[in-house]
**Q** 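Attaching a single structure in structure tokens format; questions to follow.
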There are 2 protein chains.
Amino acid sequence: MIVVMDTRERLIESTRELLWERGYVGTSPKAIQQRSGAGQGSMYHHFDGKPALALAAIGRSAGALKAAAEVEFARPGTVVERVTGYLRRERDAVKGCPVGRLTQDPDVMADPRLRRPVQDVFAWLTDRLAGLLAEGRANGELDIGLDPAATAAALVAVVQGGYVLARSAGSPGIYAQAIDGALGLLAGHVRYPPHPDPGAQHPDDPHQ
Amino acid sequence: MIVVMDTRERLIESTRELLWERGYVGTSPKAIQQRSGAGQGSMYHHFDGKPALALAAIGRSAGALKAAAEVEFARPGTVVERVTGYLRRERDAVKGCPVGRLTQDPDVMADPRLRRPVQDVFAWLTDRLAGLLAEGRANGELDIGLDPAATAAALVAVVQGGYVLARSAGSPGIYAQAIDGALGLLAGHVRYPPHPDPGAQHPDDPHQ
DNA sequence: GTCTATATCCAGATAGAC
DNA sequence: GTCTATCTGGATATAGAC
């Protein structure tokens, strides 16, 4: 299947890539034009300027992050399996997180409109994960003493910090190690089996 | 005590602050001159150019990070107490990590000389922490099943990722929560008491 | 919608006087 | 050591023709 992108679409995708690779401060209109193949006039026809283009690109990256996480969270399986799926999801660790890296961009953080999608997606992510952990605590899978909100924040932080370590090392090994460490720590709070939940399909217990 | 810095010193410190606040790409020679109070000619007399100035500033930030961590690691007390001290050390979470933020700077990562101190300090930090955790495992304080290297990577990642979350939220609460979560997870692997170590002074057991 | 021309300002220096 | 002058190029647009 060949997907032909129109100019507007190519501008947004090129901006997304450049924000990921070089950040907002490090991305120039000229670089966006060259990568997208659009001319000067064409770019300013479709978008007011660099901030408007960045807003479209950032919104899209935040949406993609949310969707990719939700895929893992919504899988069948125990809470621990789904959390593990999220943490072990394939990522290009050395490339870093397209949303997380924006928190280091002073001009993004200074502009409320650019900052909003970044703030919102991390708030959503930690809340969603906290809900999942609370579910695991309620069904007996996880220790009653485990704080869902704090644990969720820690797990999201391990992913974001894992990117930092992988970039500093220039290789993804330390990212995988950090995830392993987090799962090893979590394992100390897992109790089997979870209580059966009539509303859920469990792969090991498919009511056959 | 009044400390008078000479021009060279003010240039390095100003660069350090600007790299922290705005990154390498976002920091211009002019901004450095204005903050340091040095003129154009003065700056280029003391340093070859922006990369040379950044190298001095980054080396200093990396050294400061290492020294601050070592203060916590070298305190008296159990391994868990010292790891807790490191994690709970006062940090301006919203400002972020002066070294970690450089991993998002494409021009820093692309220059081996600028990148080296960043890479080295994170490698040192995870190794140092892994050694401490191995010590805790050996003296019976920590579960035998705990992987020191992976756990160390996870804990360093929680700190770095906590900064990302705090910056995204614009407030330090989520950073503290992530640290709490990590310590809560670690608590599931702590066994008391540690074996007595004749070479160490323990505050709860001071051989009085 | 896309193109080219033009404009202003800043980045990042170099040169030489003092 | 510090100052001012000067330079090349890129960032970030705006204007108007096609």
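Letters go in sequence order (proteins before strands), and every chain restarts at 1.
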**Q** Donor-acceptor pair, distance only, cut-off 3.5 Å: does the side chain of A:D147 make one with the backbone of B:G181?
**A**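 No, the answer is negative, given that no donor and acceptor are paired below the 3.5 Å cut-off.
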**Q** The side chain of B:Q40 lies closest to which of these nucleotides: D:dT12, D:dA5, D:dA13?
**A**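 Between D:dT12, D:dA5, D:dA13, the one nearest the side chain of B:Q40 would be D:dA5.
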**Q** Just the rounded figure in Å: distance from P of D:dT14 to CZ of A:F47.
**A**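 Whole-Å distance recorded here is 16 Å.
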**Q** Using whole Å, report how far NE2 of A:H45 lies from C1' of D:dT14.
**A**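 From A:H45 NE2 to D:dT14 C1': 16 Å.
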**Q** Just to be sure I understand the rule, does B:G41 reach a base, reach only the sugar-phosphate, or reach nothing, if contact means heavy atoms closer than 4.0 Å?
**A**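 It contacts base atoms.
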**Q** Counting N and O atoms only, with roles assigned by atom type, does the side chain of A:R22 sit under 3.5 Å from a partner on the main chain of A:T27, one being a donor and the other an acceptor?
**A**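 Checking the backbone N and O of A:T27 against the side chain of A:R22, no donor-acceptor pair under 3.5 Å is found.
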**Q** For residues B:Y163 and B:R91, is any side-chain donor paired with an opposing acceptor at under 3.5 Å?
**A** yes
**Q** Under a 4.5 Å cut-off applied to non-hydrogen side-chain atoms, are A:L183 and A:R88 in contact?
**A**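 Contact flag for A:L183/A:R88 side chains = yes.
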**Q** Could you state the CG-P distance from A:L11 to D:dT12, rounded to the nearest angstrom?
**A**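 After rounding, the gap between these two atoms is 15 Å.
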**Q** Would the distance check show the side chain of B:R128 and the main-chain N or O of B:E70 forming a donor-acceptor pair, the cut-off being under 3.5 Å?
**A** no
**Q** Grab the CD-P distance between A:Q33 and D:dA13 for me, whole Å please.
**A** 11 Å
**Q** So, do B:F47 and B:L55 sit near enough that their side-chain heavy atoms are less than 4.5 Å apart?
**A**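 No; the side chains remain at least 4.5 Å from each other.
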**Q** Between B:Y44 (OH) and D:dA5 (P), how many Å, whole number?
**A** 18 Å
**Q** Please identify the 5'-most and 3'-most nucleotides of DNA chain C with any atom under 4.0 angstrom from a heavy atom of chain A.
**A** C:dG1 to C:dT4
